[in-house]
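What follows is a short report on a single structure.
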Amino acid sequence: MSDSESDTNDQAGDIEHFSGPVENAWLLKIPEFKKEDNPQGLAEESSFSCLFPKYREKYIKECWPLVEKALDGHHLKAELDLIQGNMTVKTTRNTWDPFIILKARDLIKLLSRSVPFEQAVKVLDDEISCDIIKIKNLVRNKAKFVKRRNRLIGPNGCTLKSLELLTNCYVLVQGATVSAIGPYKGLQCVRKVVEETMKNIHPIYNIKALMIKRELMKDDKLKEENWERFLPKFQSKNTTKRKKPKEQKKKKEYTPFPPPLLESKVDKELASGEYFLTEAQKKAKRMQERREKEQKSSNVQKQRREKDFVAPDESKPKPKGDARNSDKVDVKALKSKIAKANKKAKMVK
């Protein structure tokens, strides 16, 4: 039996093992691509380059030997140009996987976007991919953009951490992009949450939905049912203030004559006669007005201070029932009050 026939039989065995309804077609096992499948290698050399910012130069320079070692295991060549700030990955004659160069391109892209090497190197695995989401153009207002980006991160990064746990992805928010590394289905969920958050939908709704789906998947009875009734629904609220009715302006009576012109400063001076005064006379007049104004304000302050020292008017009638204002004092009542007070004091002792 030839190798091709044996591979065909193995694939048929996998299909028989995972045979089932059409709904579970995604359970079919994808055969692994091996070196024996492409023994002649690649026909042409492929390469990708990526620029990195200045603040990442130190970290990339330190971890570059690890990058070369990781890519060497897949028969790829990596070059670092610190002068131009450029990273390049190339295929070699020994490269047999045509897709690995795209994985290496994603690796250098993630490194340039502040993803640590320990997380970025995972993208070289077959079941792991990455997604770089650009969020800068989703919101025009800069203040709203910063507010929604902070909402995605959450206090002390708790929202981002919960999203990572539910999607099995590593998520990093850096500047105007969100980098995500993980399985394909998890990346779809991350992209949906990020885009809806930047469209002013709070991430807690999507996180709750992911938690509910996670619990529903454990129940065998609900696997074939529709989950829409269990998921939370977001309803956008119109929070605009109620507009007040506009006041109807009264129409002015029509007159064929134009409105009178406003008087200028020169016109006012001509009317008061100040226009014909000399500079010395104008200065003296201003000083005189200032003194009068100061004298007026000082008089007001003096009256306010002396108000507390003005004696009350004694000609007014005194109120009834006030013992202090009455001329006669009831001596007997006063003595009885003093005796009662002394008696109470003795009883207390």
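At distances below 3.5 Å, at least one donor-acceptor pair connects side-chain atoms of Glu164 with backbone N or O atoms of Val171. With hydrogens and angles disregarded, a donor-acceptor distance shorter than 3.5 Å links the side chain of Gln281 to the backbone of Thr278. The backbone N or O of Ala176 lies less than 3.5 Å from no partner atom in the side chain of Lys134, so there is not a single donor-acceptor pair. At least one donor-acceptor pair under 3.5 Å links the side chain of Thr95 to the backbone N or O of His75. Between the side chain of Lys268 and the main chain of Glu274, no donor-acceptor pair closer than 3.5 Å is present. Between the side chain of Arg149 and the main chain of Gly175, a donor-acceptor pair closer than 3.5 Å is present.
Heavy atoms from other residues, nucleotides or ligands lying under 6.0 Å from CG of Asn141 number more than 12. For CD of Glu127, the number of neighbouring non-hydrogen atoms (other residues, nucleotides, ligands) closer than 6.0 Å is 12 at most. Enclosure of atom CG in Asn156 is not indicated, since only 12 or fewer non-hydrogen atoms of other residues, nucleotides or ligands lie within 6.0 angstrom. Annotation for Lys61: atom NZ does not count as buried by contact number, only 12 or fewer foreign heavy atoms lying within 6.0 Å. No more than 12 heavy atoms of other residues, nucleotides or ligands sit less than 6.0 Å from atom OH of Tyr275.
Using a 4.5 Å heavy-atom threshold, the side chains of Pro203 and Leu163 count as separate. Ile135 is not listed as a side-chain neighbour of Thr197, based on a closest heavy-atom distance of 4.5 Å or more. A 4.5 Å side-chain heavy-atom check between Cys50 and Arg105 finds every atom pair outside the cut-off. Side-chain contact check for Thr91 versus Trp96: every heavy-atom pair is 4.5 Å or farther apart. In this structure, the side chains of Ser112 and Leu51 stay at 4.5 Å or more apart for every pair of heavy atoms. Counting only heavy atoms from C-beta outward, the side chains of Ser114 and Tyr59 never approach each other to under 4.5 Å. Between Val190 and Asp131, every side-chain heavy-atom pair lies at or beyond the 4.5 Å cut-off. The closest side-chain heavy-atom distance from Arg290 to Arg286 is not below 4.5 Å.
In this structure, a donor-acceptor pair under 3.5 Å is absent between the side chains of Ser162 and Thr159. Arg304 and Gln301 are linked by a side-chain donor-acceptor pair at a separation below 3.5 angstrom, with hydrogens and angles left out of the test.
Taking hydrophobic clusters as Ile, Leu, Val, Met, Phe, Trp and Tyr residues chained together by side-chain heavy-atom distances below 4.5 Å, Ile133 shares a cluster with Val146. Hydrophobic clustering places Phe117 together with Val89 (ILVMFWY residues linked when any side-chain heavy atoms are closer than 4.5 Å, directly or through intermediates). Hydrophobic clustering (side-chain heavy atoms under 4.5 Å, transitive across Ile, Leu, Val, Met, Phe, Trp, Tyr) keeps Leu166 apart from Leu216. Residues Met198 and Tyr205 do not share a hydrophobic cluster, clusters being chains of Ile/Leu/Val/Met/Phe/Trp/Tyr side chains in contact below 4.5 Å. Residues Leu138 and Leu172 are members of separate hydrophobic clusters, defined by side-chain heavy-atom contacts under 4.5 angstrom among Ile, Leu, Val, Met, Phe, Trp and Tyr.
In this structure, the separation between NE2 on His74 and CD1 on Ile101 is 11.5 Å, given to the nearest 0.5 Å. Distance check, rounded to the nearest 0.5 Å: CG of Leu76 to OG of Ser46 gives 10.0 Å. To the nearest 0.5 Å, atom CZ of residue Arg56 and atom CD of residue Gln174 are 8.0 Å apart. To the nearest 0.5 Å, the span separating CZ on Phe276 from CG on Leu270 amounts to 5.0 Å. The structure places NZ of Lys302 at 13.0 Å from OG of Ser297, a figure rounded to the nearest 0.5 Å. Ile100 contributes atom CD1, which lies 8.0 Å from atom CG of Leu71 (distance to the nearest 0.5 angstrom).
Thr88 approaches Ser49 most closely through the heavy-atom pair OG1-OG, 3.2 Å. The minimum heavy-atom distance linking Lys90 with Glu79 is given by the pair NZ-OE2, 3.5 Å. Across all non-hydrogen atoms, the minimal contact from Ala120 to Leu107 is O-CD1, 3.3 Å. Closest non-hydrogen pair, Glu196 versus Asn206, comes out as OE1-ND2, 3.0 Å. Nearest heavy-atom pair, Ile181 versus Gln119, reported as atom, atom and distance to 0.1 Å: CD1-O, 3.5 Å. For the pair Ser179 and Ile132, the tightest heavy-atom approach, listed with the atom from each and the gap, is OG-CG1, 4.3 Å.
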Show your reasoning for whether side chain to side chain contact (heavy atoms under 4.5 Å, CB included) applies to Leu102 and Phe48.
CA-CA 8 Å; Leu102 299 177; Phe48 288 100; 3.8 Å; yes
Audit row: Lys208, Ile204, side chain to side chain contact (heavy atoms under 4.5 Å, CB included) steps and yes/no
CA-CA 6 Å; Lys208 280 184 178 180; Ile204 195 65; 4.2 Å; yes
Run the numbers on Asp267 and Ser264 for side chain to side chain contact (heavy atoms under 4.5 Å, CB included), then give the verdict.
CA-CA 5 Å; Asp267 295 335; Ser264 64; 3.1 Å; yes
Just do the salt bridge (Lys or Arg N to Asp or Glu O under 4.0 Å) check on Glu57 and Lys54 with the steps written out, would you?
CA-CA 5 Å; Glu57 181 178 335; Lys54 186 70 176 177; 3.1 Å; yes
Please walk me through it: do Arg148 and Leu152 pass side chain to side chain contact (heavy atoms under 4.5 Å, CB included)?
CA-CA 6 Å; Arg148 292 174 189 178; Leu152 177 64; over 6 Å; no
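A search for side chain to side chain donor-acceptor pair (under 3.5 Å) contacts involving Glu68 returns Trp64, not counting sequence neighbours.
Ion pairing of Glu215 with Lys218 is present here, as a side-chain N (NZ or NE/NH1/NH2) and a carboxylate O approach within less than 4.0 Å. Ion pairing of Glu195 with Arg191 is present here, as a side-chain N (NZ or NE/NH1/NH2) and a carboxylate O approach within less than 4.0 Å.
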